[in-house]
Amino acid sequence: MEAPSQSKSVVPQEALLFKNRLQEYAQKAGIPLPIYHTTIEGTPHAPMFRSAVIINGATYTSPNVFSHRKSSEMDAARIALLTLQLQIDEENCSLELEVIAWNSDCL
């Protein structure tokens with residue numbers, strides 16, 4: 001007879017990378033490591049967690065609540081990474097436009 005298996009929440013593999021990727025970003029950028037803050041919402045017998053992450057002076061809060069703290073932190077890291085990526089893309093676009101304008105002035 002087999003022992004009963006303990007249930008574990010299944011988290012997609014790519015979701016496990018959000019906190020790691022955010023920490024790697026901070027290390028490569030030479031900025032302080034992310035700091036996570038989690039609040040508990042809901043009732044004591046059914047707590048729900050919402051997290052925010054602070055990185056480089058900016059706070060990114062997950063709009064979602066989760067039944068596990070780790071999931072809420074992953075979502076906050078995901079929000080931070082998406083926002084940071086958009087900012088980087090916008091900066092690169094601005095730089096490209098400046099180069100194009102500079103090149104056209106030289107012609």
Side-chain angles (χ1 to χ4, degrees):
M1 185 171 214
E2 293 182 25
S5 63
Q6 293 186 6
S7 66
K8 293 184 179 180
S9 60
V10 178
V11 179
Q13 184 63 32
E14 63 274 3
L16 297 175
L17 300 177
F18 292 126
K19 285 180 71 174
N20 292 349
R21 289 176 49 203
L22 189 59
Q23 183 160 334
E24 289 170 3
Y25 167 80
Q27 290 172 332
K28 288 178 184 176
I31 58 177
L33 295 177
I35 299 171
Y36 293 88
H37 294 282
T38 301
T39 57
I40 301 172
E41 302 178 7
T43 60
H45 66 278
M48 297 299 285
F49 300 91
R50 183 185 314 269
S51 290
V53 60
I54 301 169
I55 185 162
N56 203 23
T59 302
Y60 304 92
T61 303
S62 170
N64 307 307
V65 294
F66 296 87
S67 57
H68 299 283
R69 180 189 53 82
K70 185 173 183 175
S71 298
S72 69
E73 289 178 353
M74 287 295 178
D75 198 51
R78 180 184 65 82
I79 298 294
L81 283 167
L82 290 173
T83 305
L84 290 167
Q85 185 60 54
L86 286 173
Q87 290 172 351
I88 290 168
D89 290 347
E90 287 175 4
E91 288 172 10
N92 287 340
C93 181
S94 296
L95 289 175
E96 289 173 12
L97 291 175
E98 288 175 18
V99 169
I100 291 170
W102 183 80
N103 284 339
S104 64
D105 289 341
C106 294
L107 297 176

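Along the sequence shown, residues carry numbers from 1.
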Quick test of your reading: applying salt bridge (Lys or Arg N to Asp or Glu O under 4.0 Å), list the pairs with at least one residue in residues 54-69, sequence neighbours left out, ordered by first then second residue. R69-E73
So side chain to side chain donor-acceptor pair (under 3.5 Å) across residues 39-48, not counting sequence neighbours, yields E41-R50, T43-H45
Hydrophobic clusters join Ile, Leu, Val, Met, Phe, Trp and Tyr when side-chain heavy atoms are under 4.5 Å apart, directly or via other members; which others share one with L33? none
Quick one: side-chain hydrogen bond (donor to acceptor under 3.5 Å, both in side chains) partners of T83, sequence neighbours excluded? none
Under a side-chain separation threshold of 4.5 Å, the hydrophobic residues clustered together with L86 are none
Sequence neighbours excluded, the answer for side-chain hydrogen bond (donor to acceptor under 3.5 Å, both in side chains) partners of Q85 is D89
Could you name each residue pair satisfying salt bridge (Lys or Arg N to Asp or Glu O under 4.0 Å) that touches residues 23-37, not counting sequence neighbours? none
Side chain to side chain contact (heavy atoms under 4.5 Å, CB included) partners of N56, counting only residues at least two apart: I31
Under the rule for side chain to side chain contact (heavy atoms under 4.5 Å, CB included), what residues qualify as partners of P47, not counting sequence neighbours? I40, F49
Which atoms form the tightest heavy-atom contact between F18 and M74, and what is the distance? CB-O, 3.7 Å
Residues joined to F66 in its hydrophobic cluster, side chain to side chain under 4.5 Å directly or through other members, sorted by chain and number, are none
Flag side-chain contact, heavy atom, 4.5 Å: I54 against P32: no
Using side chain to side chain contact (heavy atoms under 4.5 Å, CB included) as the criterion, list what pairs up with P44, not counting sequence neighbours. none
So if you build clusters from Ile, Leu, Val, Met, Phe, Trp, Tyr with side-chain heavy-atom gaps below 4.5 Å, do Y36 and V65 land together? no
Starting at CG of L81, measure out to NZ of K19 and round the result to the nearest 0.5 Å. 12.0 Å
Scanning both residues in full, the closest heavy-atom pair of I79 with S62 reads CG1-CA, 4.3 Å
For S51 and A76, which heavy atoms make the closest approach, and how far apart are they? O-CB, 3.6 Å
Apply side chain to side chain contact (heavy atoms under 4.5 Å, CB included) to A80 and list each qualifying residue two or more places apart in sequence or on a separate chain. L22, V53, Y60
